[in-house]
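Here the structure is a predicted model, which means the values were calculated and not measured.
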Amino acid sequence: MKDFGQPAPGRGAKDSPSVASTPVDTDRLGWLPAEKRYNAWLALIFRRVDASTAGSGIRSARLAQYADALIHLPESEQVPAAQFLLHFVNDFYATSGAPGQLSNQIGAVFNGMTNSTSAIIFVEALLNHADSHFPGKQHLVTWGVTEHIGHFSKEIIASIERRVLTWAIAYHRPQDRFDLWTSTMPKLEALTWPAASDIAMFGNAITEIPAAAQTQRQDAVNRLAAYLLNAAKLREISAAFQLTRDSLLALKDVSIRADLAAALMDTADETSMAFQPALHSALLERLDLFGPATGFVIRERLSQLAEAVNSARF
């Protein structure tokens, strides 16, 4: 049998259960004690490999049932299991002699999946390991996912598209990235109740817009700030505070974080006094997220905003 890589840290073939103790199919994994499911899942895969022609592996359409079963595994085992499945996709991609078929191979996995949570786990594995498994073919990974998820609910499709399309921005020509970010933003704006992770996903993608294109970067930041403000205005003050704070916290780039904070203060100053208490609290609580100089500027600006609010009351 071929070597398909280490299934997970600390795991090996000797840890796998015997075929005799393995469930008949993946649907019955949930009947096992949680601690036995991963090894049973592996044994089912190796049984399929052994039964295939010359032990050559598992074709993508067959992989769907094992990908769909990721939801049955303990949470700590789901990501390593999804990564392990990529070895099979990579094997067929490397040996097919038709690299353009990669999107179809990936798509065949998603076509056969029915569990949306498992699909999201498998998407994350693909995106996190595309550089190592499919270098130079990230556009095919994008197509393989987005063109083959139409059978899921609208909410799941939109969630996966937001994740994949923002990830894909980095693999396009620098001069095209702002337009791609802009064309993807409506998928976020369609959400009335975004999570902080949704805001941060698009904020982090702004870093892929070349720093030299400062006007474009600022336009993106301003649009994101306007959206965050509108989303926060629909919430109670405490929820608006939490959304703002957590969104800023989840941004990876300190310059984008500072620009978004500045844009929020500008936008709140112009359009919404009701949002200012939440913004004020969120920024003051986490001034440590910014450099000393930026923190000083933010504190001064917040003082000015507070004075404006007090003046407007009288």
Side-chain angles (χ1 to χ4, degrees), residues 162 166 169-170 174-175 177-182 184-186 188-189 191 193-314:
R162 287 192 299 272
T166 52
I169 290 172
Q175 62 267 36
R177 293 176 187 173
F178 173 70
D179 289 339
L180 288 165
W181 188 93
T182 300
T184 305
M185 187 62 183
L188 175 64
E189 292 167 333
L191 285 178
W193 300 97
S197 58
D198 296 311
I199 304 290
M201 186 186 302
F202 281 77
N204 289 327
I206 293 174
T207 62
E208 303 301 340
I209 301 171
Q214 187 56 45
T215 300
Q216 292 182 333
R217 271 198 173 203
Q218 191 60 53
D219 286 347
V221 168
N222 291 344
R223 185 169 174 179
L224 187 62
Y227 171 72
L228 175 54
L229 172 63
N230 288 330
K233 283 162 55 178
L234 298 174
R235 307 183 184 210
E236 298 289 338
I237 291 297
S238 60
F241 154 74
Q242 184 173 348
L243 176 65
T244 306
R245 180 199 61 192
D246 293 350
S247 297
L248 291 168
L249 180 63
L251 293 174
K252 298 176 182 178
D253 186 274
V254 68
S255 64
I256 297 297
R257 185 183 296 131
D259 288 345
L260 182 60
L264 284 170
M265 289 187 286
D266 290 341
T267 308
D269 188 23
E270 295 171 359
T271 65
S272 177
M273 287 188 177
F275 174 64
Q276 289 182 20
L279 176 63
H280 191 102
S281 299
L283 291 176
L284 281 184
E285 181 181 289
R286 295 310 306 265
L287 283 176
D288 60 304
L289 295 173
F290 308 92
T294 302
F296 176 80
V297 171
I298 289 174
R299 188 184 295 275
E300 289 296 304
R301 183 62 192 283
L302 289 174
S303 296
Q304 295 170 7
L305 286 175
E307 291 175 5
V309 170
N310 291 332
S311 298
R313 290 175 177 168
F314 300 102

Arg301 vs Asp266 side-chain heavy atoms within contact, under 4.5 Å: yes

Heavy-atom side-chain proximity of Arg235 to Phe241 below 4.5 angstrom: no

Closest contact, heavy atoms only, Ala263 versus Asn222: CB-OD1, 3.6 Å

Side chain to side chain, Val221 and Gln218, heavy atoms closer than 4.5 Å: yes

Side chain to side chain, Arg177 and Gln216, heavy atoms closer than 4.5 Å: no

Electrostatic pair Arg286:Asp246 at N-O distance under 4.0 angstrom: no

Heavy atoms of other groups near Glu300 CD, more than 12 under 6.0 Å: yes

Partners passing side chain to side chain contact (heavy atoms under 4.5 Å, CB included) against Ala200 (at least two apart in sequence or in another chain): Asn204, Ala250, Leu251

For Ile256, the option from Leu224, Leu248, Thr207 that meets side chain to side chain contact (heavy atoms under 4.5 Å, CB included): Thr207

Ile209 side, atom CD1; Gln175 side, atom CD - distance, nearest 0.5 Å: 13.0 Å

Interatomic distance, Leu229 atom CG to Leu243 atom CG [nearest 0.5 angstrom]: 10.5 Å

Euclidean distance, Leu283 CG relative to Thr244 OG1, rounded to 0.5 Å: 8.0 Å

Asp253 side, atom CG; Leu260 side, atom CG - distance, nearest 0.5 Å: 11.5 Å

Partner set under salt bridge (Lys or Arg N to Asp or Glu O under 4.0 Å) for Arg257, not counting sequence neighbours: none

Inter-residue atom distance Glu285.CD - Leu249.CG, 0.5 Å rounding: 9.5 Å

Exercise: identify the closest heavy-atom pair between Glu189 and Tyr227: CA-CE1, 3.6 Å

OG-CG distance between Ser303 and Leu284, expressed to the nearest 0.5 angstrom: 8.0 Å

Min side-chain heavy-atom separation Phe202-Thr184 under 4.5 Å: yes

Backbone of Ala195 reached by a side-chain donor or acceptor of Asp198 within 3.5 Å: yes

Test side chain to side chain contact (heavy atoms under 4.5 Å, CB included) applied to Asn230 and Leu234, step by step: CA-CA 7 Å; Asn230 288 330; Leu234 298 174; over 6 Å; no

Check: Leu287 and Arg299 side chains under 4.5 Å, non-hydrogen atoms: yes

Closest non-hydrogen atom pair between Ala261 and Ile298, with its separation: CB-CD1, 4.3 Å

Side chain to side chain, Leu188 and Met201, heavy atoms closer than 4.5 Å: no

Non-hydrogen side-chain atoms of Leu180 and Glu208 separated by less than 4.5 Å: no

